[in-house]
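One structure below.
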Amino acid sequence: MTALFRNRIFWITIVGLFSLGGLVPGVYAQDSPGTPQISAGDTAWVLTSSALVLAMVIPGLALFYGGMVRSKNVLSTIMHSFIAVCVVSIVWVFWGYSLAFAPDVGGVVGGLQWLGLTGVGPEPVEGSTIPHSVFMVFQLMFAAITVALISGAIAERVKFSAFVLFAILWVTLIYSPLCHWVWGGGWLGELGALDFAGGTVVHISSGVAALACALVLGKRKGYGTENMAPHNLPLTVVGASLLWFGWFGFNAGSALAADGIAGGAFVATQVAAAAGALAWLGVEWAYRGKPTILGAASGAVAGLVAITPAAGFVGPISAIWIGLGGGVFCYLGVFLKNKMGYDDALDVMGIHGIGGTWGALATGLFASMGGGTGLFFGNPGQVMIQAIGVGATWIFVFAGTFLILKIVDGVVGLRVSKEEEVLGLDLTQHNERAYE
Amino acid sequence: MTALFRNRIFWITIVGLFSLGGLVPGVYAQDSPGTPQISAGDTAWVLTSSALVLAMVIPGLALFYGGMVRSKNVLSTIMHSFIAVCVVSIVWVFWGYSLAFAPDVGGVVGGLQWLGLTGVGPEPVEGSTIPHSVFMVFQLMFAAITVALISGAIAERVKFSAFVLFAILWVTLIYSPLCHWVWGGGWLGELGALDFAGGTVVHISSGVAALACALVLGKRKGYGTENMAPHNLPLTVVGASLLWFGWFGFNAGSALAADGIAGGAFVATQVAAAAGALAWLGVEWAYRGKPTILGAASGAVAGLVAITPAAGFVGPISAIWIGLGGGVFCYLGVFLKNKMGYDDALDVMGIHGIGGTWGALATGLFASMGGGTGLFFGNPGQVMIQAIGVGATWIFVFAGTFLILKIVDGVVGLRVSKEEEVLGLDLTQHNERAYE
Amino acid sequence: MTALFRNRIFWITIVGLFSLGGLVPGVYAQDSPGTPQISAGDTAWVLTSSALVLAMVIPGLALFYGGMVRSKNVLSTIMHSFIAVCVVSIVWVFWGYSLAFAPDVGGVVGGLQWLGLTGVGPEPVEGSTIPHSVFMVFQLMFAAITVALISGAIAERVKFSAFVLFAILWVTLIYSPLCHWVWGGGWLGELGALDFAGGTVVHISSGVAALACALVLGKRKGYGTENMAPHNLPLTVVGASLLWFGWFGFNAGSALAADGIAGGAFVATQVAAAAGALAWLGVEWAYRGKPTILGAASGAVAGLVAITPAAGFVGPISAIWIGLGGGVFCYLGVFLKNKMGYDDALDVMGIHGIGGTWGALATGLFASMGGGTGLFFGNPGQVMIQAIGVGATWIFVFAGTFLILKIVDGVVGLRVSKEEEVLGLDLTQHNERAYE
Amino acid sequence: MKLIQAIIKPFKLDEVKEALVELGIQGMTVTEVKGFGRQKGHKETYRGTEYQIEFVPKIKLEIVVPDSRVADALEGITRAAKTGSIGDGKIFVSELQSVIRIRTGESGEGAV
Amino acid sequence: MKLIQAIIKPFKLDEVKEALVELGIQGMTVTEVKGFGRQKGHKETYRGTEYQIEFVPKIKLEIVVPDSRVADALEGITRAAKTGSIGDGKIFVSELQSVIRIRTGESGEGAV
Amino acid sequence: MKLIQAIIKPFKLDEVKEALVELGIQGMTVTEVKGFGRQKGHKETYRGTEYQIEFVPKIKLEIVVPDSRVADALEGITRAAKTGSIGDGKIFVSELQSVIRIRTGESGEGAV
Ligand SMILES: Nc1ncnc2c1ncn2[C@@H]1O[C@H](COP(=O)(O)OP(=O)(O)O)[C@@H](O)[C@H]1O
Ligand SMILES: Nc1ncnc2c1ncn2[C@@H]1O[C@H](COP(=O)(O)OP(=O)(O)O)[C@@H](O)[C@H]1O
Ligand SMILES: Nc1ncnc2c1ncn2[C@@H]1O[C@H](COP(=O)(O)OP(=O)(O)O)[C@@H](O)[C@H]1O
């Protein structure tokens, strides 16, 4: 089966290569860098931002997640983020980017014109001052992190081959269309839904997909009875810090320019992260008696998630409100999970699903600049539009992910055996041990 | 009491929100990005630099410090850097930035015009080509790292609530005014004191504050008798490396432009760090027989501290001299501590206090460009001015910090109990363990 | 002997200082930043890229290597990367940069005009829009990483003093001239050899030097019989991730501008890394039954190495081919080592030597833009030229490195004693232990 | 007094502890050990080099009990630690000459 | 010859070692263990999930002494390891049949 | 049945294991310990502060063998673990009252 599955990858590659190998360089050959419309300053910032978003996934997210699992599963958990980047990069080049951003087809998906990045070269991307190739790779990083985020829900029990197959299908069938809806000229964008840097596209989608994963895969063996404490919290805090660091590229980079909008988004990102951490710590301190480091890290990420859709549309004080809300609501989200008892191992739903939903709605409340206006600034309609975006995303992603999981389960099987789970995924999936 | 203290934070927030929530977005609303005076290139570099300075604190400093403590205290130590960023971010937005940079009041502090960042928007900051909001957030990161640096002196024994309260008071009463003196239009700047990137504002101030903290808190239980060797040196070297990495933003970013000055500051930073490490290793090798990794890391940081005030004012050869001096003097600083026997746990005074003082004076000797001229280049007066800056900073910071510590001790108590200290701060302050 | 050796450093410093201390600031004094020819956007990107390349070495490479050795040698391994940066920085300032880039002497080396960076200031570097000082420091980072890469071959048994001496000699006698051949106006560049970001200069040279080192130093005690499994794979994956992150500066920064070429190089870098990882995993999965995390990390690095010389000359599909080749050939390279039985401890030859060679030749095949044209695009001659470049590099580097090793062995001795090797280098070379 | 040493599978620790507590045995000392025996270990692969790890992680329990409780203790441990598959472990019993509680200095049965 | 096993609080290791050295006992073997007994452990909280950790870190000392030195040794250990609070630990003494020094092959009292 | 405890140098573990396997002894339990004795430890330096580490890493082997095999086992361990330099370690032998294999419940010689 893994053999079959490998063939799948190679097959994709081969086809891609022969069908496209010829065209692309041709396109690139007409390279004319520095055409007047390109701004070196804006390009420098988006190049930097793209690198920053990669750092969010590896090592950022890989460590954030890796530190929270048990030591017998840390490598497999890190591997999920790593392989997500690798698989998505290839898919994005061959068809993902085209499905997301090529000329619109019926408002729901992009065309096939840009398969294999045909025509995606150094010329400025429409309505912007940066090369098309730079915009494409910036977006590639977003697709990669979204898939990587989901892995937190199925950590410590998913089969490696299943995750790889899942990643390919999910980025193709869920992420690319959804991304098109919001940013690629699709119906949600047309409707006027505001999503500055991916509250719906990245966070709600990964969170809801994670919920579906947790429900379909079921609980980890020993969940609720055995000690599943994080095995290495310093790794987790380092991961959270790198997420914060990279998030400046994620949010401020989404301005696609180094200007006042980017500056405002940068500030909003910083203060929302801080507010999220303080809010989470405050709630913990009040209800548990002690503030925790994991709480600070989780709260900061919650604040960052919440501000993502609003970053370029709000001022610093609004950003603080949104960050505080992120910290509080995500704490409740995690609390709820513990009550409801499904095993979203690393709380992807609790933090990205809830935080993203709050952020998307909050954008409808606080938006006041950069082309967005929310309820508090005289535009009640926006909240409704945001709500529609949230609802549509929840439904589409949950249903679609559920289907994909069933397919993957059929093809390669989703879960490792009980014995393998007890022994740990590092040894059983990868023949490796993290620490000697 | 922690309850009372939490209320404090919330109270601040609430007030802030209602008094300012309205204004700010208004200001932002008149957003006109890309106004001719804004340079995308300069803005891109300062945005990048701001992110780099964040990375200096988390995960940089958090790891540098975290690796040096005993494993029972690593989380609490990391938490100090993390919470410093969170708390300072909020304080800076509400009043810190205004106290530091709003129109001068009597040469000693900024006015209240910019409370809650009123009027701090996308328009270019005075005399520069970057948005005001970007300058503000770049400065925010400086305030955050300064507070985080101090935590090294009180590691392994300070109460968490005490550190949070200390951070709020210190950044308000010490950092903001001092920053105003030097960069905000205050008397030291007027006097002609040179401080390119924060030798006095950041390093002398954190070092001297650390000394006060060490003296007031007293030694760790078992200091001098028990083994207090670093529990994880790889973390510390990673931290030092990230500090070095981020320091390019700290120093070259202080040019507030991507130009020749920034280039010169970048080069000076690189060679001074290298020289500092080599100097420290040389002294160790000569007097202890073996060069150590911790020595290399400490020396590099010492070199970076030393070059900070001079970075934009000196050529590469002068930078090497300054770096070498940093390595040697800071080694002596640490040596001295061991002799004098106060417990500055992670040598904040020895490295930042001593290194910053040497750097500030050395700027008066080696300055030769970018608007500064030192003794060696024909301007003896500069050294005197630098000495005044150093002296004033020492006195103001030491006295002020001492006072604040007394207040905090009165309100929440500075130190954990003997039992808690033995058990470790991770368990007793945060209910967590670093490694399972 | 270490005394003698220390003197060496100091002597170099002293001479340097007195001969040059005067001139340089003079040069810098005529600083005129923002001269029309300087582009802030391009400068911002190259400054960022320089910082990114530093991060590749420390902490990137330091962790990548440090995680793969046994815990008794992790500090010494990290130290190799750290000291390489320090030593090379100083050498580069005093004479390295001049030997590499000062006006050509007979096509083989640069002149002495720029000793101590005389005349290397804020003015734009010839044929570019960034300050000369920025170009110099960007190149400095390349020299540093090349030396650091070599250390992987001699890990766990080389004497610290020997490595320091080796670093000084190697960067002076091998790297600087080779760099001049290709980029400094030397004969290889004149010949038309294509090397966008250092396939020959950095990767083949470090790989071949590593082979010489492995052969001269001999195997580690217990190699082949004792368990030498990596002691901390998470560190290694973090290192690989940071290498990937920094490689964007390494490759896209080599465009020396923030334009379409940089964008293309950035994209090529991303997809080649992904393809390399997938290829390595595929081969492993097929022949070993399980894909490993170390394999993913190694494959990604292999892909990055392979694309380095081609990054700015190829489109994304070609980049995928090159990356796939990198993954497969480097896997074979490592496999071959195990067969041949020399002890290149961390596979520098297998990954950088083989990968760099493949990349250099592949550039001759796939080049299609940015001023390069390869066999597949109608220019058969290019492959021949590339082959000459590869051959010349192999011969020059192997012979030169061999000689240098003999000298170092004579002066300070290359290897630690058997007892020291058993006890570990951390304790015996540095009096430190990594983990308490 | 007797010293009972039991080598068990790590994930069985909690069950065994519970079993002993139910028997009124209030104390024990636990050590992480590696075992070599019939149960074979696992394989690891790093860049193509394979290592056969022969030592298996185990937990060693040391329990001091009055002679009167030995039989119950052995029975309880065996029941709780048993999975029926190779590697379940061993129990070794030996005689102690004296037992002292440091805090009080009391010795003999009163000390445990 | 007797084998003395002492379970003590970790931070007491140095004091106990000194006490034994003063008694002229030149050797011992130390193991990090976890203890379960009257002293209860601590609580940990991760994202709201609480874990009660019942095992407390302890140090196990193994000291082989000639019968003649047992009394002193026990007295020394007890004195040095005592804090008076719950969890100070236990001392177990058992008989050894023979002792060998690997380096020299000598056995009996001469071997320690 | 006898319990043989051997304290050896860590890098000798494989050789000793092989020696025992050759003697047909199929099981053992290994613990990482720290030793204090004639062999002195090492020095560490951190920012000028020196620490003298007196405890040396050692491996403790526990091997249960029928009385009939004790002599061979001792001889085999001594041979394999010996380097002749200080710190080679010790072997302690004590009597076991009973041995049980948890998986089968069988006891006595059949259990090991
Ligand atoms: N002769 C022995 N001496 C000491 N410990 C032993 C001995 N034989 C087995 N053990 C311990 O018991 C564990 C289980 O033994 P093993 O032979 O693997 O399975 P089983 O207990 O089912 O026979 C081993 O891992 C080892 O720790
Ligand atoms: N019956 C026992 N068998 C083995 N070890 C024991 C036993 N009872 C206690 N211990 C060890 O002694 C330690 C201290 O015992 P505890 O009951 O907590 O306090 P105290 O020694 O003051 O009675 C425990 O942590 C455990 O390691
Ligand atoms: N009296 C003792 N009781 C328990 N263990 C001991 C004793 N003496 C030595 N050991 C153990 O044996 C090891 C080796 O002993 P040492 O005196 O260093 O060298 P040698 O075995 O050559 O005499 C020590 O590290 C310690 O672990």
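Reckoned from all heavy atoms, side chains included, excluding hydrogens, waters and symmetry mates.
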- prompt: What residue, out of E:V64, E:I25, E:L3, has the most heavy-atom pairs lying under 4.5 Å from chain F?
  reply: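 Heavy-atom pair counts peak at E:V64.
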Treating [X] as the side-chain partner and [Y] as the backbone partner, does any N or O pair qualify as donor plus acceptor under 3.5 Å?
X: F:R69; Y: F:L23; result: yes
X: E:D88; Y: E:K82; result: no
X: F:E62; Y: F:M28; result: no
X: E:K43; Y: E:E50; result: no

Contact part of [X] toward chain F, heavy-atom cut-off under 4.5 Å: side chain, backbone, both or neither?
X: E:L61; answer: neither
X: E:V99; answer: both
X: E:E32; answer: neither

- request: Pick whichever of F:I7, F:V33, F:I8 has the most heavy-atom pairs under 4.5 Å with chain E.
  value: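 Most heavy-atom pairs under 4.5 Å with chain E: F:V33.
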query: When only pairs under 4.5 Å are counted, which of F:S94, F:G87, F:G89, F:A81 shares the most heavy-atom pairs with chain E?
result: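 Highest number of heavy-atom pairs under 4.5 Å: F:G89.
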Contact origin within [X] toward chain E - heavy atom pairs under 4.5 Å:
X: F:K34; value: both
X: F:I4; value: neither
X: F:F92; value: both
X: F:T31; value: side chain
X: F:S85; value: backbone

Is the shortest heavy-atom distance from the side chain of [X] to the side chain of [Y] under 4.5 Å?
X: E:L13; Y: F:F36; answer: no
X: F:E95; Y: E:Q97; answer: yes
X: F:I77; Y: F:L20; answer: yes

- prompt: Without hydrogens or angle criteria, can the side chains of E:Q39 and E:K58 be said to hold a donor-acceptor pair below 3.5 Å?
  reply: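 Yes.
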